[in-house]
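Throughout, numbering of the chain's residues begins at 1 and tracks the sequence.
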Amino acid sequence: MLRIEVVTLFPEMLRHALGFGVLGRALERGLVTVGTEDPRRYASGPHRSVDGRPYGGGPGMVGMPGPWSAAIDAAASRLAAGAGRPVGPGAGALPRVYLSAQGVRFGQATAREFASGAGFVLVAGRYEGLDERVLESRIDREISLGDFVLSGGEFAALAVIDAVVRLLPGALGDERSGQQESFAEGLLDWPHYTRPVEWEGRCVPEVLQGGHHAQIARWRRKQALGRTWLRRPDLIAALEERGGLDRESRSLLDEFLAEREVEKNG
């Protein structure tokens with residue numbers, strides 16, 4: 001069982017969203033548990049404030065070290081007790097992860113890494129961020145969904161949890177779904193079609209109607225390579241850096257580009 005703990009100011013937001021689709025079924029099947037910890041539980045004063053004005057001036061508020069560090073510690077302790085593993089820095093320890101626009105880009109490789117472990121803590125920050133001393137003392141890794149800013153880490157936490165949980169054995173109705181989708185092999189997915197065969201004058205490619213599995217597999221591979229070359233050339237470049245495309249893949253990509261050129265000029 002994978003164990004996930006989320007430090008968040010809005011635990012109900014996560015609990016509600018986790019009840020649907022693949023995540024909901026994975027929770028019901030006991031494949032994963034997701035706990036939450038609210039920093040407000042550890043705040044003092046009549047308003048139970050968890051944020052304060054930034055030193056040096058400027059807009060926005062900053063997460064205060066006291067309540068946030070206490071919440072992270074509580075979540076980490078619960079995770080360690082449930083997983084039977086230490087949490088924090090060190091070999092074999094479960095990570096405490098801060099969701100931040102300044103973090104390393106989250107990708108499928110990281111999702112697979114998290115799915116293969118025993119668990120992790122996600123810290124969903126708010127405001128302008130957390131006091132840097134919390135990051136220095138309580139965070140092992142920072143990850144980002146991309147070069148944009150969200151109003152809160154809860155949305156990023158849900159995206160990470162979904163990407164990880166769908167990789168767990170038994171989470172999907174068909175295990176091939178997790179193996180045959182975008183980024184599984186460093187490529188984008190191929191086009192998908194369903195009934196009817198013709199819709200608004202557009203037809204399902206003939207190769208998909210014939211039932212010849214080898215030809216279908218070849219067509220899908222060619223389309224995946226072509227789409228990736230057109231839409232995400234950086235992924236092709238990354239494959240090249242890791243040793244390049246094999247001869248068959250290179251031939252399929254060349255064939256796709258030649259066909260596309262014919263279509264453009266035809």
- prompt: Which pairs count as side-chain hydrogen bond (donor to acceptor under 3.5 Å, both in side chains) when at least one residue sits in residues 87-98, sequence neighbours excluded?
  reply: Arg96-Asp140
Going by atom type alone, with no hydrogens or angles, which donor-acceptor pairs under 3.5 Å involve a side-chain atom of residues 79-92 and a protein atom two or more places apart or on another chain?
residue	atom	partner	partner atom	Å
Arg85	NE	Gly92	O	3.0
Arg85	NH2	Gly92	O	2.8

Those residues that, when tested against Ala43, pass side-chain contact (heavy atoms from CB on, under 4.5 Å) (two or more places apart): Arg48, Val50, Pro67
message: My understanding is that a hydrophobic cluster links ILVMFWY residues whose side chain heavy atoms are under 4.5 Å apart, including indirect links. Using that, what else belongs to the cluster containing Tyr42?
response: none
- request: Would you list the pairs meeting side-chain hydrogen bond (donor to acceptor under 3.5 Å, both in side chains) in which at least one residue belongs to residues 200-215, sequence neighbours left out?
  value: none
query: Is there a donor-acceptor pair under 3.5 Å between the side chain of Arg40 and the backbone N or O of Leu9?
result: yes
field: All side-chain hydrogen bond (donor to acceptor under 3.5 Å, both in side chains) counterparts of Thr110, not counting sequence neighbours
entry: none
statement: Closest non-hydrogen atoms of Leu27 and Leu18, given as atom of the first, atom of the second and distance, are CD1-O, 3.5 Å
message: Looking only at the side chains, is there a donor atom on one of Ser251 and Asp254 sitting less than 3.5 Å from an acceptor on the other?
response: no
Ring geometry between His192 and Trp190 (parallel below 30°, tilted from 30 to 60°, perpendicular above 60°): tilted
query: Hydrophobic cluster mates of Val62, side-chain heavy atoms under 4.5 angstrom, ILVMFWY only, any path?
result: none
- prompt: When Ile, Leu, Val, Met, Phe, Trp and Tyr are grouped by side-chain heavy atoms lying under 4.5 Å apart, directly or through other members, which residues fall in the same group as Leu208?
  reply: Tyr193, Val204, Val207, Ile216, Trp219
- prompt: Honestly, is Arg218 close enough over Phe256, meaning NZ or CZ under 6.0 Å from the six-membered ring centre and within 45° of the axis?
  reply: no
message: Suppose we screen for salt bridge (Lys or Arg N to Asp or Glu O under 4.0 Å). Which residues come up paired with Arg3, at least two apart in sequence or across chains?
response: none
field: Check: Arg221 side chain, Leu252 main-chain N or O, donor-acceptor pair, under 3.5 Å
entry: no
statement: Sorted by chain and residue number, the side-chain hydrogen bond (donor to acceptor under 3.5 Å, both in side chains) partners of Arg15 (sequence neighbours excluded) come out as Glu12, Thr36
Residues that Asp73 engages under side-chain hydrogen bond (donor to acceptor under 3.5 Å, both in side chains), provided they are two or more places apart: Arg138
- prompt: Ser151: what forms a side-chain contact (heavy atoms from CB on, under 4.5 Å) with it, not counting sequence neighbours?
  reply: Arg126, Phe155
query: Any donor-acceptor pair under 3.5 Å linking the side chain of Asp38 with the backbone of Arg41?
result: no
- line: Looking only at heavy atoms, the pair that brings Leu145 and Ala159 closest together is CD1-CB, 3.9 Å
query: Side chains of Asp234 and Ile236: closer than 4.5 Å at any heavy-atom pair?
result: no
